[in-house]
Number of protein chains: 2
Amino acid sequence: MATGRTHRPATRSRGIPEATVARLPLYLRALTGLSERSVPTVSSEELAAAAGVNSAKLRKDFSYLGSYGTRGVGYDVEYLVYQISRELGLTQDWPVVIVGIGNLGAALANYGGFASRGFRVAALIDADPAMAGRPVAGIPVRHSDQLEEIVRDNGVSIGVIATPAGAAQQVCDRLVAAGITSILNFAPTVLTVPDGVDVRKVDLSIELQILAFHEQRKAGEDVPDVPPPPPTTVAQDGAAPADDEAPAPAQAPAADDGQAPAARRDRKGPDDELPAVMPA
Amino acid sequence: MATGRTHRPATRSRGIPEATVARLPLYLRALTGLSERSVPTVSSEELAAAAGVNSAKLRKDFSYLGSYGTRGVGYDVEYLVYQISRELGLTQDWPVVIVGIGNLGAALANYGGFASRGFRVAALIDADPAMAGRPVAGIPVRHSDQLEEIVRDNGVSIGVIATPAGAAQQVCDRLVAAGITSILNFAPTVLTVPDGVDVRKVDLSIELQILAFHEQRKAGEDVPDVPPPPPTTVAQDGAAPADDEAPAPAQAPAADDGQAPAARRDRKGPDDELPAVMPA
DNA sequence: CATTGTGAACCGATTCACAGCG
DNA sequence: CGCTGTGAATCGGTTCACAATG
């Protein structure tokens with residue numbers, strides 16, 4: 001598995017830094033807004049503010065694309081919109097397939113943000129036969145038996161996985177085998193793909209967990225200092241130097257507000273995870 | 001994000017790098033899987049593979065939490081699950097409100113991944129009176145008039161915004177005013193929040209755009225290099241030296257990087273016709 | 001031994017600050 | 001002038017590689 005797998009150095013996108021690429025869509029959105037309001041030019045300062053970044057970063061980012069601005073003036077909105085669109089490959093049409101038409105898949109199918117940027121939903125695919133033919137967002141759902149056929153016939157190179165975690169890898173494998181080289185994964189699982197295939201993941205619960213981490217620090221500041229549970233078998237430090245607690249780097253002074261061992265979430269349920277895709 | 005100026009790294013407290021925090025949920029998920037299969041211990045190598053990272057990174061990450069492993073053996077699964085959960089603040093319950101119950105909001109409400117990790121959907125809120133009372137995922141939707149009341153009464157500190165872009169900032173302001181300090185934003189817009197409030201965003205179309213960028217490079221490489229439009233009036237760069245090419249800062253030595261698309265996309269074509277920038 | 005934990009090298013990304021230019 | 005474009009400094013994160021240690 002991931003063992004010998006050479007790390008995905010697919011990042012050889014020579015030239016434009018990955019971090020910059022990730023921000024281009026942000027600039028594009030801000031620019032589109034200006035364009036709609038017929039603003040002819042913007043300074044890096046203004047555009048940066050609209051995109052939520054700082055101007056130095058924006059200028060540096062643009063410098064990777066070329067010199068598209070005018071000193072003393074700023075950037076021509078229309079021109080930049082075009083250049084960024086082209087750089088991102090949005091001047092062409094990208095047919096995509098969404099696999100797993102559960103709640104999330106359906107929401108994605110209905111999401112206007114896709115279509116508006118050159119992404120065309122070529123097909124909706126689901127493993128549930130009962131879904132077949134049923135239209136979602138005006139597009140009839142097709143059965144996964146036809147996955148390969150659909151991908152090939154439509155020249156789809158981008159696939160969106162919105163299936164339950166358990167089915168994701170399998171779907172991924174089939175998509176890749178069918179020729180897809182870019183995947184947007186919403187299933188909470190790590191996908192293993194061959195070299196040359198790009199995977200980006202969006203994990204809703206991970207985002208919340210990250211927020212929770214910061215939230216915990218803000219409020220209270222002190223984590224529920226429940227005495228660390230016994231290291232089951234290993235690390236069975238009988239009378240070992242009780243070093244449990246967080247040792248490491250500068251430990252913070254444990255304040256201890258109220259406490260409440262709090263209800264320890266037992267995370268051993270049926271491991272629900274992603275929105276189910278309606279069973280058959 | 002919201003950190004703006006004052007970067008948190010006061011270094012005083014437990015200095016866990018942001019990048020590490022972002023991976024903890026990943027480790028936790030992998031560990032939960034092992035736990036369910038009753039695996040007692042794991043080596044950094046195995047766990048790293050399951051989480052999709054490399055072992056050095058994982059060990060370094062864990063080193064920020066403390067010394068929870070046993071040399072020559074590995075990590076105790078249950079113990080680690082607990083430690084990470086605690087670090088992330090998942091040992092406590094986090095009530096969240098979801099604002100904007102459209103397709104996406106409904107999908108989120110139905111998303112099992114939230115509930116399974118200590119995130120309790122305290123309420124669903126929508127501005128449409130017609131939605132009020134209607135149950136979604138078993139939870140009755142409430143009208144946004146009651147937003148403040150709901151947040152306060154339930155002690156909600158995390159809010160999820162799934163409204164249209166146009167309403168997002170307003171909703172955000174109200175959530176913040178009501179006391180929320182962490183926001184997960186799904187609306188494709190930049191949110192401005194006061195210091196102390198964390199915002200994480202998930203933008204579906206941005207992810208696709210990033211994939212498109214890479215896809216464009218992979219396939220062909222001979223992208224439809226539509227001749228760049230005339231810089232209307234600005235950025236008129238006269239004849240450029242032979243190979244314009246990207247400015248390419250220092251960047252000379254190309255790392256290993258097997259075969260890079262030799263053909264570099266030329267970025268500046270002579271003037272030409274105005275591009276019909278894509279619609280919105 | 002095997003495997004952790006970590007200093008130190010490395011590398012990419014951000015920020016600074018100012019030269020360059022319209 | 002004002003604002004871009006960019007070297008240089010800095011910062012954060014990753015990787016290396018090995019000493020420490022159960």
Side-chain angles (χ1 to χ4, degrees), chain A residues 6-9 11-23 41-49 52-76 79-80 231 233-241 243 246-249, chain B residues 1 3-5 7-9 11 15-23 41-49 52-76 79-80 231 233-238 246-257:
Chain A
T6 40
H7 38 8
R8 68 206 76 246
T11 331
R12 54 73 159 106
S13 32
R14 216 52 296 241
I16 305 179
E18 194 52 38
T20 293
V21 172
R23 279 187 295 268
T41 63
V42 259
S43 65
S44 62
E45 201 66 62
E46 301 168 320
L47 183 52
V53 304
N54 73 52
S55 65
K57 191 183 291 181
L58 176 146
R59 287 200 304 278
K60 177 69 92 178
D61 282 342
F62 286 178
S63 80
Y64 291 118
L65 308 185
S67 293
Y68 294 149
T70 304
R71 297 176 196 237
V73 179
Y75 301 90
D76 180 79
Y79 186 52
L80 249 194
T233 64
V234 169
Q236 183 53 317
D237 47 346
D243 77 316
Chain B
M1 297 297 140
T3 345
R5 296 293 72 102
H7 25 334
R8 78 184 75 286
T11 323
I16 299 181
E18 195 51 38
T20 293
V21 171
R23 280 188 295 270
T41 64
V42 259
S43 65
S44 61
E45 200 67 62
E46 300 168 322
L47 182 54
V53 304
N54 74 51
S55 64
K57 193 182 290 182
L58 177 147
R59 288 201 302 280
K60 178 68 92 179
D61 283 341
F62 285 179
S63 80
Y64 291 116
L65 307 185
S67 294
Y68 294 151
T70 304
R71 296 176 197 238
V73 179
Y75 300 90
D76 179 78
Y79 187 51
L80 249 194
T233 62
V234 280
Q236 181 46 307
D237 50 322
Q251 292 295 24
D256 43 46
D257 184 316

Measuring from [X]:[atom1] to [Y]:[atom2], what's the distance to the nearest 0.5 Å?
{"X": "B/S44", "Y": "B/K57", "atom1": "OG", "atom2": "NZ", "answer": "13.5 Å"}
{"X": "A/T70", "Y": "A/D76", "atom1": "OG1", "atom2": "CG", "answer": "7.5 Å"}
{"X": "A/Y75", "Y": "A/T41", "atom1": "OH", "atom2": "OG1", "answer": "12.0 Å"}

Problem set entry | B/D61 and B/V53, any side-chain heavy atoms less than 4.5 Å apart |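 No, side chains not in contact.
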Take atom [atom1] of [X] and atom [atom2] of [N], then tell me their distance rounded to the nearest Å.
{"X": "A/L47", "N": "D/dC3", "atom1": "CG", "atom2": "P", "result": "14 Å"}
{"X": "B/D76", "N": "D/dG22", "atom1": "CG", "atom2": "P", "result": "16 Å"}
{"X": "B/D61", "N": "C/dT6", "atom1": "CG", "atom2": "C1'", "result": "13 Å"}
{"X": "A/L80", "N": "D/dT4", "atom1": "CG", "atom2": "P", "result": "10 Å"}
{"X": "A/L58", "N": "C/dA13", "atom1": "CG", "atom2": "P", "result": "16 Å"}
{"X": "B/K57", "N": "C/dC11", "atom1": "NZ", "atom2": "P", "result": "15 Å"}
{"X": "A/Y64", "N": "D/dT4", "atom1": "OH", "atom2": "P", "result": "17 Å"}
{"X": "B/K60", "N": "D/dG13", "atom1": "NZ", "atom2": "P", "result": "12 Å"}

Exercise. Between D/dT15, C/dA13, D/dG13, which one does the side chain of A/E18 approach most closely?
Worked result: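 The nucleotide sitting nearest to the side chain is C/dA13.
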For this session: List the steps, then state whether ring pair (Phe, Tyr, Trp, His ring centres under 6.0 Å) holds for A/Y68 with A/F62.
Result: CA-CA 7 Å; A/Y68 294 149; A/F62 286 178; 8.2 Å; no
With 3.5 Å as the limit, what N/O pairs link the protein to nucleotides 2-5 of chain C?
from	atom 1	to	atom 2	distance (Å)
C/dT3	O4'	B/G72	N	3.0
C/dT3	O2	B/G72	N	3.2
C/dT4	OP1	B/S44	N	2.5
C/dT4	OP2	B/S44	OG	2.6
C/dT4	O2	B/R71	NH1	2.8
C/dG5	OP1	B/G69	N	3.1
C/dG5	OP2	B/Y75	OH	2.9
C/dG5	O4'	B/R71	NH2	3.2
C/dG5	N7	B/R59	NE	2.9
C/dG5	O6	B/R59	NH2	3.2

Exercise. Can you check whether A/N54 has a side-chain N or O nearer than 4.0 Å to OP1 or OP2 of C/dT14?
Worked result: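 Result: no.
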